[in-house]
Amino acid sequence: MNDIFSAKRFFKLLLIDLQTNAVSLGIGIGILIGFILGLNILTYNIVETPEFKALWFVIILVIAFMLAPFITNLMASHSFSAFQKRETATPLMMLPCSKLEKFTSRYLIYIILLPLISILGLYAAELYFGHLCLSELTEKYPDLQMIIKDGFRPVIFLSLMLSLMVSQSMFLLGSVIFKKSPFILTILAVFGIFIVFSILAMVVPDVTDALKSAFDFSRLSEDDSSLLSLVPPAIMIVIFSFAAWMRFSRMSLP
Amino acid sequence: MIQFKNVNFSYSRSSQLVLENINLNLGPGHIYGLLGKNGVGKTTLFRLITGLNRVSAGSVETLGAVPHNRLPSMLNQIFLLPEKIHAPNMSITTYGKKFGSFYPDYSESRLQTLLEGFEVKPDQPLSSMSQGQHKKAYMAFALACNTKILLMDEPTNGLDIPSKTIFRNYLAEQNTSERLIIISTHQVRDLERLIDGVIILEDRSILMCDTADHLLERFHFGNITNPEKVVYQEDTVQGKIGLQSRDTEPVQGIAELNLETLFNAVISDKKRTW
């Protein structure tokens, strides 16, 4: 028997985890897409002047890209909550699957599937809506045309996906560390780290400059710099995910 | 099957030891009763056996593996029935279909037989059941998993009298030469005729770990007949009863273990080597 990873056991577990979390995942994504789509349809039918239509489209786009991380991050911050309560943790920890299978199953749902579905949902509800309904405006407002066109570029999609995955992996780490109020405590922890780094940047400006130049892609061609800009978020995802795994693999019953 | 070597355990580095210098060697073919006062570490012992907690010092082996690694090959041969059980919003039949497949010897038909015996509705959501019904449903699932080690924490708490009888019968059926069952309980009378081994925990350590046969060879339980050989006695309405050292072989079929008396005897003389 493979004690580290068995595909058969993993897919069985993944199916159970998906079914167990189906309601909350459905509600979260439903709220997100419903809200964006509803707001768009309402605006499109109520607002008559093209200028306002274009403006509203951009406003909703901004709201959408703020709401999406909020909802998915909130869900990710509870991804391992069941392991933090004695009653729910006992059957989960006693389930005959390896630690890696238990971690990967939830990781796949919250770090890959959830961001992917919510971004695709956003595209369907916002960008595709703009592409279909506002096509008569895009010629008049080239900025709007660029926003919509840019949105469909693979590098932009990938960049959005990676950004969401960074915050998701951060909140997943928070969910493994904090037993109570993981969402708020993760935000506070990030805020705390940010303050520490800000102070550090003031005290040691050389380090800050070195970091800035390391991530300065302006000297490269546009495509190369876009692709290279995906490296820092990818590194952050790896760091947060590894920290979450290390913590999870050493977890005991609370 | 289970081996503890000089095990110490505390929940944090700064807190007091819950278990100290525990040495234990339990083999298959027995149903052990784990007895001890509240908060003495019975549940903790179960958590160390299953790897839900990691020992602070010493070593534990369960089915030849380090339990804290929680490898599937160990977990699929061990089942822990906790005292408080989470009730998911699904029926026990659905629960069995979902989770039973992780246990190689799980039997769906056995689950249905047990549920019928316990008079539990197989399609009622667990979350809408009473505590007793829910416990019986989960107990049926535990027995249907047919694992080599079965650990039960206060299984008879909240069960009605007929259910306790059914539980005892099913557990007796389950007892084979390949299986080890440990039951932690305060309801000693519920299990007196079922268990064939006793573990008594007190003051962070194991005061006694012995088989019922060996105890009956060593002690006479009941009315005091020879005051010179009294190990422990208590006054009851029927006169003095207690524990006395044996000078003759126990009569087969008549001698019975009195767990309450045994427990009181052990607790009253902790310095004795039991």
Side-chain angles (χ1 to χ4, degrees), chain A residues 1-27 78 80-106 109 176-179 245-254, chain B residues 9-12 43-44 46-56 62-90 94-95 97-106 126 134 138 141-142 145 147-151 153:
Chain A
M1 168 184 272
N2 190 343
D3 266 335
I4 306 298
F5 196 89
S6 144
K8 193 180 165 192
R9 265 197 321 257
F10 172 71
F11 284 113
K12 249 196 277 185
L13 182 67
L14 181 65
L15 196 66
I16 291 173
D17 279 345
L18 275 172
Q19 285 171 346
T20 312
N21 297 298
V23 176
S24 58
L25 291 174
I27 290 172
H78 288 94
F80 284 93
S81 291
F83 285 86
Q84 304 278 22
K85 291 172 201 138
R86 195 170 289 176
E87 276 183 39
T88 46
T90 306
L92 284 172
M93 290 170 92
M94 287 300 296
L95 191 70
C97 289
S98 68
K99 290 176 186 176
L100 184 64
E101 287 157 1
K102 286 172 191 171
F103 181 80
T104 320
S105 165
R106 279 165 197 256
I109 293 173
V176 183
I177 294 172
F178 303 115
K179 287 180 183 166
W245 159 248
M246 291 304 283
R247 172 81 185 171
F248 178 79
S249 63
R250 283 164 170 72
M251 227 173 181
S252 284
L253 191 73
Chain B
F9 177 77
S10 64
Y11 280 96
S12 66
T43 306
T44 306
F46 279 169
R47 288 191 198 146
L48 295 180
I49 293 171
T50 51
L52 292 175
N53 287 114
R54 193 197 288 256
V55 294
S56 309
T62 304
L63 294 164
V66 178
H68 194 72
N69 292 338
R70 294 202 300 276
L71 299 177
S73 56
M74 182 202 83
L75 290 174
N76 67 18
Q77 289 302 341
I78 186 164
F79 197 98
L80 169 67
L81 184 81
E83 188 182 3
K84 286 180 187 166
I85 312 156
H86 169 66
N89 189 22
M90 64 176 90
T94 312
Y95 191 89
K97 278 180 186 148
K98 272 187 178 179
F99 297 101
S101 60
F102 287 98
Y103 296 89
D105 299 320
Y106 171 75
L126 289 161
H134 175 218
Y138 204 64
F141 176 71
C145 284
T147 50
K148 282 183 183 162
I149 299 177
L150 178 57
L151 308 171
D153 199 356

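Per chain, numbering begins at 1; letters A, B, ... match sequence-line order. Excluded from the calculations below are hydrogen atoms, water molecules and symmetry mates; all remaining heavy atoms, backbone and side chain alike, are included.
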How far does [atom1] of [X] sit from [atom2] of [Y], to the nearest 0.5 angstrom?
X	Y	atom1	atom2	value
B/Leu75	A/Met93	CG	CE	10.0 Å
B/Glu83	A/Glu87	CD	CD	10.0 Å
B/Leu71	A/Cys97	CG	SG	12.0 Å
B/Phe99	A/Lys12	CZ	NZ	11.5 Å
A/Arg9	B/Asn76	CZ	CG	8.0 Å
A/Thr90	B/His86	OG1	NE2	11.0 Å

Counting only heavy atoms closer than 4.5 Å, note whether [X] contacts chain A via side chain, backbone, both or neither.
X	value
B/Leu80	both
B/Tyr95	side chain
B/Arg47	side chain

NZ/A/Lys85: more than 12 non-hydrogen atoms of other groups inside 6.0 Å: no
B/Asp105 atom CG, over 12 foreign heavy atoms within 6.0 Å: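 It does: B/Asp105 CG has more than 12 such atoms within range.
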Contact winner vs chain B - A/Thr88, A/Leu13, A/Leu15, heavy-atom pairs under 4.5 Å: A/Thr88
Closest non-hydrogen atom pair between A/Ser98 and B/Pro72, with its separation: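 Nearest pair, atom of A/Ser98 first, then B/Pro72: N-CG, 3.4 Å.
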Closest non-hydrogen atom pair between A/Arg250 and B/His68, with its separation: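 Closest approach of A/Arg250 to B/His68: O-NE2, 4.1 Å.
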Contact leader toward chain A among B/Lys98, B/Lys84, B/Arg70, B/Met90, where contacts are heavy-atom pairs under 4.5 Å: B/Arg70
Contacts of residues 16-26 of chain A with chain B (heavy atom under 4.5 Å):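 Result: A/Ile16, A/Gln19.
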